[in-house]
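This report concerns only the one structure given below.
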Amino acid sequence: MAEQQELNLHYLGKGQKVEWYGQIASEASWADNSQGRPSQQNNADQRGFGERYRVAIQGRHPQDLNEIEDEDLPWAYVEYPVTAGGGGRGSGQSANLTQGTTVKGYFADGTDEQLPIIVSVVGFNDWNAILKYPPTDKRYQSYSGFLEDEKISTYLVKAFPGGLTATPDYWSGASINFNWSESIQASNTFVDMASWDSSEEGKKKEPLAETEECKPIPMGKIQKELQNTINDIQKLQKSMYDFRYAISSETAEIQKKINKKLKVASEKIASLFKDILEQIQKGIIRKTNNALKDTYYLVFPNERPGLKKQVETVNDLIACLFKNIIKGLLGFVANFIGEAVKKIVNAAECFIQNSLGQMLGQMLSGIQNAISSIMGGVNSLVGTAVGTADIVANVVKDLISFLSCETQNDCQEVNEWSIWSGPKHTDIGDIVQLLNVANDVASTISNTISSTGASLGQIVDPVLNIGDVFASGTSACFTGPQACGPPTVDFLGKGKEALGNLIISSAGSVIGYDPISFGFGYDSFTSAHIEDACGNGSGAVATPVLNDDGGIIDLIISQGGTGYLPTPNGSTGGNGRVWATPNDTEISHPNGDLEVPIPPDYVVEVRPGDVVNTPCGTEVVTEPIGNDPTTGGETIQGCSNHVVERPGRFTTPRPIYSRNQGVYPTSGDGSYPVILYLCEVIIEDAGINYQPGDQVIIEPDIGATAEAQFDAMGRVLSVKVTESGEGFIELPKIYIRSDTGFNASLLPKLCIDRIGEDEVKNPEIQDKIVTVVDCVGKF
Amino acid sequence: MSERKNYHQVRYGTAEGEIKFGHIHTDNEQSAVMLRNGKTWRHYITMDQTGKAHRKHGTMCVSPGAFQVVAGDGYGESEKGQPAIFMHAKNGDIVLRCPDGTLRIEAQNIEMIAKGPNNETGSVTINANEKFIVNAASVDISGKVSTKIFSEKTVEVIGRGILNLYGGLVDMADGATSVIGSKGGSTNEEQNKQ
């Protein structure tokens, strides 16, 4: 062991310590020092001695890679910190070094400079230009630790690509920093894809199962499942244009993923629709048997066995009828969802009501016809027509009557859950309206089945018409994207009718609440949930303040959150996602199919009848398709919902921005100005060891002051606002400056002064004004 | 209070996985400790510090693959009856979901106990939109106050060896009594006419 002999001659500390900077050579040149996996051969098939690396030492090894290859560089061992342990008794910590890393060290053999020891690393920072592959010409350039066949870690990929890099003079390639980071801080300094994707998925709201007693007709759940599917599939479709969706979908074969999502959603929604059919089935069997009972006395005792057989047959046939319908349900629902995904952005409640009502109505019509056919055998035995005409309509009426009267007080308030955003309540939906639509549809569909009966499949299948279902769903019901705007607050609890506007700072935080209606019936279990339709903001946490009548008079904002829009910004969406930004071009086809919104700079082809909406202020002229002179040459103005007349293609334009500052908003345009002042300080955590005289600090104070009182243990008993200040535009930070106390947590409560139009123009108070968008019922 | 910042985030990781202290999620909530897989999406454990009640000081474990807990291999006879896996929601509900699969519960004995303090709670509700099958060597259904077996279509009570039906007072009627009632009539008959 020549190296050990050298070490004996120049033991550490004897001679001069020679330090160096260098770079870990390409992985191929040192990887075999380790087996790379647990081996039954132990270290017998290992080429080297564990954790050692080939290093190129600056000033000693030439920059030119052809002069000395990596395989000819010296081996360097690693010196570990005392906290890492040395391996004895299992105490140890592996080195975490990769190819291309700049390292610092010294020579164990002093001035002989033959035994380099790595002591520390000089990590990449956010500005380091980093080559994707080890350089083939010049050494000492920073390069990626990843090998060519390795996947880049999800938390190193930037959700918003970009960044600045500093490159040395001899730099010889493109830097990876634009797309991912290998900085020592990594995802501490940028939004990484793993975090972005986890949030996207984590905020998805899942409808929770409820008992039949609570939700006899799960309309709200169907709506939620359909909406989730639309969101998921449209996200996959957006992967054509959006880097983030593209990378997280992990496939270019989007259609396969879409088909899988459709299959899963079809099963979920079909199972819910089955619940509705079972309610109908239950009613029909009951009504039929009730009608049959009225004829039993007409039959002689010796005919009773025959009657029983006929009644059994009727019951069996009804059961079979529903089994057949349920059998065909999955396919129909799959087609329905397939259409919905293409044509709908928001599955509004009216859409579900109307389309499901139409679907149910078509089924009911077939069921009524089938029942008439089924009853033929009994009718001939009892010698009279058993009263089953309009049986379906009567069943539906009974259901409507039952659902209108029935109230279930013990049902779960939380019936929707998101692991990131938490609980929510999905309304049951207007089931009565749904059943009314179904009844109307059933009564208007002509009787196409003869009463002599046909096979069950023939009875039901022909009447299901997806075109009618869809037309019914979208008629008089807006299913397009809604404007993205400020958040609203929902109260989860037993009370009703509390309404109010949230006050949003220009930085996008919730800073206050302006109650419009206190409502009634709320209790201490009531919780507040702040959400905006497009999912722009997040993180606001608020607690309702109740009066003695169970009304909600205020909110204590314990977290203001971030990203909320103070006013609409021109983007559209709904159901927790942004569908289109103001930069996007939207295209819809004559059959109602919507293209996912297209960002600027993409070439698109349009056909006659397509409706094109480019960003406001833009103008494009379509170009011919190929050399066809009948195409192109059509001018499309921005924001015009232009109906295309000639085929053509164009590049989606970039928007032209112009800022128009109007007069200060007033309630006339849906917003109104307020001034905020500090009205209360809420004690979230009383802390301990505070002393009289400790000062309450408000940052920024805007003239507000407060004093705290403490108990014998130095816990905060109360905080009195002595001056309210005026003109808060953000939630201030409040804490107590104390030599002894710690851990108190205080929350500000801002109250509002509404101001008149005249005061708005007063220059002295203009900087203090916060504009509140009147969101009640709008977003 | 708005855009959360933490100047003391610490990360330790490789390409395969990382652990982070003080990570700020994209929804502005802060994690105390987060552990995650770098080679796939949505595989992480995070102990969060901020947010609504379920997030603040809550733990999320998310994985695209299975989440498995195995315990109790070291238990012996003396630990019989002790929990090997103990999950306790001190407040709030427990929700178990597998909407695309089957929930299996397997044990030597299975006890489901619902205890409520008033007349509104203390119920076990089972809904199935196809079948509810009970199959055992011996089936006892006992209602302290009442027991009903009801179907819109058919009820069959079959004792292949012996069928015993006993009532303190027995009242039976069929649908034929719905128009012309039986002699004397009965509450049962009246209730079931409609």
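First the proteins, then the strands, lettered A, B, ... as listed; each starts at 1.
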ask   = Is it the side chain or the backbone of A/Ile152 that comes within 4.5 Å of chain B heavy atoms, both, or neither?
value = backbone

ask   = Any donor-acceptor pair under 3.5 Å linking the side chain of A/Asn96 with the backbone of B/Gly13?
value = yes

task = List the atom of A/Ser421, the atom of B/His54, and the distance in Å for their closest heavy-atom pair.
result = C-CE1, 3.4 Å

query = Do any N or O atoms from the side chain of B/Lys39 and from the backbone of A/Lys151 form a donor-acceptor pair under 3.5 angstrom?
reply = yes

task = Kindly give the heavy-atom pair with the smallest separation between A/Val541 and B/Gly51, and that separation in Å.
result = CG2-C, 3.5 Å

message = Regarding B/Glu29 and A/Gln559, do their side chains bring together a donor and an acceptor under 3.5 Å, going by distance alone?
response = yes

A/Asn188 side chain to B/Lys20 side chain, donor-acceptor N/O pair below 3.5 angstrom = yes

ask   = Does a donor on one side chain sit under 3.5 Å from an acceptor on the other, for B/Arg42 and A/Ser248?
value = no

query = What part of A/Leu156 gets closer than 4.5 Å to chain B, counting heavy atoms only: side chain, backbone, both or neither?
reply = side chain

request  = Select one option (side chain, backbone, both, neither) describing which atoms of B/Thr50 are under 4.5 Å from chain A's heavy atoms.
outcome  = both

inquiry  = Taking side chain as everything from C-beta outward and backbone as N, CA, C, O, which of these in A/Glu201 sits under 4.5 Å from a heavy atom of chain B? Side chain, backbone, both or neither.
reply    = side chain

inquiry  = To the closest 0.5 Å, what do you measure between CD1 (A/Ile419) and CZ (B/Arg55)?
reply    = 8.5 Å

key: Approximate separation, where rounding is to 0.5 Å, of A/Thr211 OG1 and B/Ile126 CD1   = 12.0 Å

key: Inter-residue atom distance A/Glu730.CD - B/Glu3.CD, 0.5 Å rounding   = 10.5 Å

key: Heavy-atom side-chain proximity of B/Asn127 to A/Glu210 below 4.5 angstrom   = no

inquiry  = Looking at B/Gly17, is its backbone amide N or carbonyl O close enough to the side chain of A/Tyr155 to form a donor-acceptor pair, meaning the two atoms are under 3.5 Å apart?
reply    = yes

inquiry  = Once rounded to the nearest 0.5 Å, what's the spacing between atom OG1 of B/Thr26 and atom CE of A/Met193?
reply    = 10.0 Å

note = Turns out that what part of B/Asp174 lies under 4.5 Å from chain A's heavy atoms comes down to side chain

inquiry  = Can you confirm whether more than 12 heavy atoms, excluding those of B/Ile158, are under 6.0 Å from its CD1 atom?
reply    = yes

Contact origin within A/Ser187 toward chain B - heavy atom pairs under 4.5 Å = both

task = Can you see which heavy atom on A/Ser153 is nearest to which on B/Ala15, and at what distance?
result = OG-O, 2.6 Å

ask   = Is it the backbone or the side chain of A/Ile734 that comes under 4.5 Å from a heavy atom of chain B, or both, or neither?
value = neither

key: Check: A/Asp275 side chain, B/Asn129 main-chain N or O, donor-acceptor pair, under 3.5 Å   = no

remark   = Honestly, the part of A/Ala209 sitting under 4.5 Å from a heavy atom of chain B is neither

query = Taking only residues at least two apart or on different chains, which pairs with a member in residues 9-53 of chain B satisfy ring-ring contact (aromatic ring centres under 6.0 Å, His included)?
reply = A/Trp420-B/His25, B/His23-B/His25

A/Thr189 portion near chain B, given a 4.5 angstrom heavy-atom threshold = neither

ask   = So what's closer than 4.5 Å to chain B heavy atoms on A/Lys282: side chain, backbone, both or neither?
value = both

message = Looking at every heavy atom in both A/Ala319 and B/Lys153, which two are closest together, and how far apart are they?
response = CB-CE, 4.0 Å

request  = Would you mind checking which part of A/Gln185 comes under 4.5 Å of any heavy atom in chain B, side chain (CB onward), backbone (N, CA, C, O), both or neither?
outcome  = backbone

inquiry  = Using the rule given for side-chain contact (heavy atoms from CB on, under 4.5 Å), can you reason through A/His529 versus B/Lys52, listing the C-alpha separation, both sets of side-chain angles and the distance that settles it, and then say yes or no?
reply    = CA-CA 9 Å; A/His529 299 273; B/Lys52 291 182 193 170; 3.2 Å; yes

inquiry  = So for atom CD1, which belongs to A/Ile729, do other residues, nucleotides or ligands contribute more than 12 heavy atoms lying within a distance under 6.0 Å?
reply    = no

query = Hey, does A/Leu208 have a side-chain heavy atom less than 4.5 Å from the side chain of B/Arg97?
reply = yes

query = Quick one: do A/Asp192 and B/Arg36 make a salt bridge, cutoff under 4.0 Å?
reply = yes

message = Given heavy-atom pairs under 4.5 angstrom as the criterion, report whether the side chain, backbone, both or neither of B/Thr14 touches chain A.
response = both

request  = Return yes if some donor-acceptor pair links the side-chain N/O of A/Lys293 with the main-chain N/O of B/Asn192 below 3.5 Å, else return no.
outcome  = yes

inquiry  = Using a 4.5 Å heavy-atom cutoff, which residues in residues 57-85 of chain B come close to chain A?
reply    = B/Met60, B/Val62

request  = Check each atom of A/Asn315 against the heavy atoms of chain B and say whether the ones under 4.5 Å are side chain, backbone, both or neither.
outcome  = both

ask   = Is chain B contacted by the side chain of A/Phe146, its backbone, both, or neither, given a heavy-atom distance below 4.5 Å?
value = side chain

inquiry  = Any salt bridge linking B/Glu130 with A/Lys323? Criterion: basic side-chain nitrogen under 4.0 Å from a carboxylate oxygen.
reply    = yes

request  = Check whether B/Asn37 gets within reach of chain A through its side chain, its backbone, both or neither, counting any heavy atom under 4.5 Å.
outcome  = backbone

ask   = Are any of the side-chain heavy atoms of B/Asp100 and A/Glu267 separated by less than 4.5 Å?
value = yes

